Number of protein chains: 2
Amino acid sequence: MNKLEFWYEFASPYSYFSMMRIETLAAAANVEVHYQPFLLGPLFKEFGWETSPFKIYAEKGENFFRDIEREAEFYGLPSIKILDEFPQPGLAAARVALVGMKEGWGVEFSKAIYKRQFQDGLETKNKENVLEVLKALNIENAETVLEKANGDDNKSHLREIMEVAKKKKIYGAPSFIVGDELFWGNDRLERAISYCK
Amino acid sequence: MNKLEFWYEFASPYSYFSMMRIETLAAAANVEVHYQPFLLGPLFKEFGWETSPFKIYAEKGENFFRDIEREAEFYGLPSIKILDEFPQPGLAAARVALVGMKEGWGVEFSKAIYKRQFQDGLETKNKENVLEVLKALNIENAETVLEKANGDDNKSHLREIMEVAKKKKIYGAPSFIVGDELFWGNDRLERAISYCK
């Protein structure tokens, strides 16, 4: 078993950490990564949460922000920026990332979205933000990509992915899947990779 | 800063992992550990949770049990036993542990409670269970210890500790405190220790 599914949500700082770490770790262990953007919102709604649990529980939330500051430092990443509107809706970016995965620039795009949000402190929630990222990456026909991303085919593709997420009993992000094993959280990335051996 | 507070709950498998790991890690880093047993129940009640969040959210719960199995294996601990009644109420053990901290056998007792519950799969929730552990450790005057543990002074001592927990904004277990920094979760033990330098 040397395949690992990496399920990530653009709103999630811990998904961002995993995105910044997974390439090197997976390569060192000769593990192939399947990058799977998805949305946490619909899953959280099933738990009765209308937003991130970090916003619902005050103490948890306060320490969460401190934790991601410390974790960014620990990983040698730039100091983390959190926008006033947190979590940033990840739908626009997720739709485009799906197109990118088919066209070969999905990972690069995903990293650029995360950097824009968590390193540069810029919005990533709407189509205009996403278009800027596509253009900065010199992705050809950025406008056409955006149309494709918001076309019916791609929308229903994302809905199917959400059904798969539920079937796989994913309940948070990032999540890693190795065979039948589900691992939750950036803290489990190394464990998941070691399960691929 | 080379002092670390370790807040742990007897019902918590992740607190158990930290208890089994902290001595070696702290000694290697020349860090002094203040062992602080406490209760999660009263804090969870303030969040509107009547039991562990792992029991409230089904997917989370299912994967939680798999995660602690994998973590036990990862740490080289015996395969983890989870009693039908999970979480086991930690009040009886916490009261005795407080007495033990004053009398010098609190850490040894805490480890023994965790081993009984998570390695041997035996109940630890009531006074009789706790008495057995005291006797197995050859603690002198075990019955007197139990009386002291359930005396008014000790009960109000535990209530004061819970007030301190709230003041320190603890919201889960294990928690680690270094100066003003709060770290939540067994996954943060190494980070907390590195903050002591």
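Scope of the values below: all heavy atoms of this structure, side chains included, with no hydrogens, waters or symmetry mates. These numbers come from a predicted model, not from an experiment. Every chain is numbered from 1 and lettered A, B, ... according to where its sequence line falls, protein lines coming before strand lines.
- Looking only at side-chain heavy atoms (C-beta outward), B:W184 and A:D67 stay at 4.5 Å or farther from each other.
- Side-chain contact check for A:R191 versus B:R70: every heavy-atom pair is 4.5 Å or farther apart.
- Proximity to chain B at a heavy-atom threshold of 4.5 Å picks out nothing from residues 97-126 of chain A.
- Inter-residue side-chain proximity for B:L182 and A:E62 is flagged as unmet; no heavy-atom pair is nearer than 4.5 Å.
- Residues from residues 71-83 of chain B that place a non-hydrogen atom less than 4.5 Å from a non-hydrogen atom of chain A comprise B:E71, B:E73, B:F74, B:Y75, given in numerical order.
- Under a cutoff of 6.0 Å and an axis angle of 45°, B:R66 and A:F183 do not form a cation-pi pair.
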